[in-house]
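Keep in mind that what you see is a predicted model, and the values were worked out from it rather than measured. Every chain is numbered from 1 and lettered A, B, ... according to where its sequence line falls, protein lines coming before strand lines.
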Amino acid sequence: MTNISNSEFIFEALQKEFPGAHCELEFQTPFELLIATMLSAQCTDERVNQVTAVLFSEANTPEGIIALGLKELENKIHSLGLYHNKAKNILAASQILSDEYGGKVPEDIELLRRLPGVGRKTANVVVSNAFGIPALAVDTHVFRVAHRLGLAAGNTPEKVEQELMEAFPRERWSTLHHLLIFLGRRICAARKPNCAECPVAAVCKMFQEDIAEP
DNA sequence: CTCCCGATAT
DNA sequence: ATATCAGGAG
């Protein structure tokens with residue numbers, strides 16, 4: 001048994017178990033991914049995909065979103081929750097992209113984060129999945145799973161992102177992000193983690209603590 | 001820290 | 001009934 005680190009074991013095991021882990025938001029263009037990600041706050045990507053399937057068929061460019069207008073946009077995304085803020089931000093971001101970026105999504109995390117409603121996580125998702133730039137977005141799943149496994153201890157997504165970036169080589173950041181999300185959804189659920197079927201329970205901090213103290 | 005917020009699973 | 005869902009802004 002070679003003496004490899006827990007982080008390396010976790011990456012290898014998850015990649016072997018979940019080779020198909022990928023971005024589950026459906027998109028055809030960087031702009032579509034940006035909008036889908038902005039819509040994904042506090043709701044499942046499955047429901048985002050249902051809404052964007054209809055939305056993008058009518059408007060999938062900044063100019064198209066602007067043409068819809070606020071009320072129409074709110075109506076179309078209402079079922080996703082937080083719809084007022086989301087619609088306002090998407091409209092304002094579309095206006096900026098149209099006015100200042102020629103309608104194209106910038107391939108830069110800092111530029112993306114200047115858009116209203118776009119924070120660290122959304123910017124990371126866009127550059128990673130649309131432009132192939134290594135990034136490690138920390139969403140609710142990554143945050144929870146990283147803590148449970150013992151990969152990170154920071155109390156903010158930003159701290160966890162930093163810890164994970166230091167623990168894993170750059171070329172693994174994007175893949176690790178998808179692997180941890182996949183594990184979080186299918187196995188390491190927030191309410192009822194299915195440790196019996198977890199491929200990395202053997203090195204999981206939470207699992208070890210749970211079986212140590214019944 | 002609170003607020004935004006509907007849909008779904010538990 | 002309540003926690004949770006690919007968060008961000010004030």
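Residues Thr37(A) and Thr122(A) bring no donor and acceptor atom of their side chains to less than 3.5 Å of each other. In the model, Lys71(A) has no side-chain atom that pairs as donor or acceptor with a side-chain atom of Asn75(A) under 3.5 Å. Side-chain contact annotation: Asn124(A) with His177(A), donor-acceptor N/O pair under 3.5 Å absent. Checking Arg144(A) against His141(A) by side-chain atom types alone, a donor-acceptor pair falls below 3.5 Å.
With contacts defined as side-chain heavy-atom distances shorter than 4.5 Å, the pair Phe56(A)/Ile35(A) qualifies. Using a 4.5 Å heavy-atom threshold, the side chains of Asn60(A) and Gln28(A) count as separate. The closest side-chain heavy-atom distance from Phe131(A) to Val105(A) is below 4.5 Å. Using a 4.5 Å cut-off on side-chain heavy atoms (C-beta onward), Glu163(A) and Leu151(A) make no contact. Counting heavy atoms from C-beta on, the side chains of Ser40(A) and Asp45(A) never come closer than 4.5 Å.
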Check: Which letters describe nucleotides 5-10 of chain C, given B = protein heavy atom under 4.0 Å from base, S = only from sugar-phosphate, - = neither?
Finding: BBBSS-

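Remark: the separation of the P atoms in dC4(B) and dA1(C) is 23 Å, to the nearest Å. Here, dC5(B) and dG10(C) have their P atoms 14 Å apart, quoted to the whole Å. Comparing the P positions of dC3(B) and dA6(C) gives a spacing of 24 Å, expressed to the nearest Å.
For DNA chain B, the span of nucleotides reached by chain A at under 4.0 Å from its heavy atoms goes, 5' to 3', from dC4(B) to dT10(B).
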Note to self: Before you tell me yes or no, could you show the steps for Phe143(A) and His147(A) under ring pair (Phe, Tyr, Trp, His ring centres under 6.0 Å), namely the whole-Å CA-CA distance, both residues' side-chain angles and the distance that decides it to 0.1 Å?
What the structure shows: CA-CA 6 Å; Phe143(A) 189 85; His147(A) 273 89; 4.4 Å; yes

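Within residues 155-169 of chain A, no residue has any heavy atom under 4.0 Å from DNA chain C.
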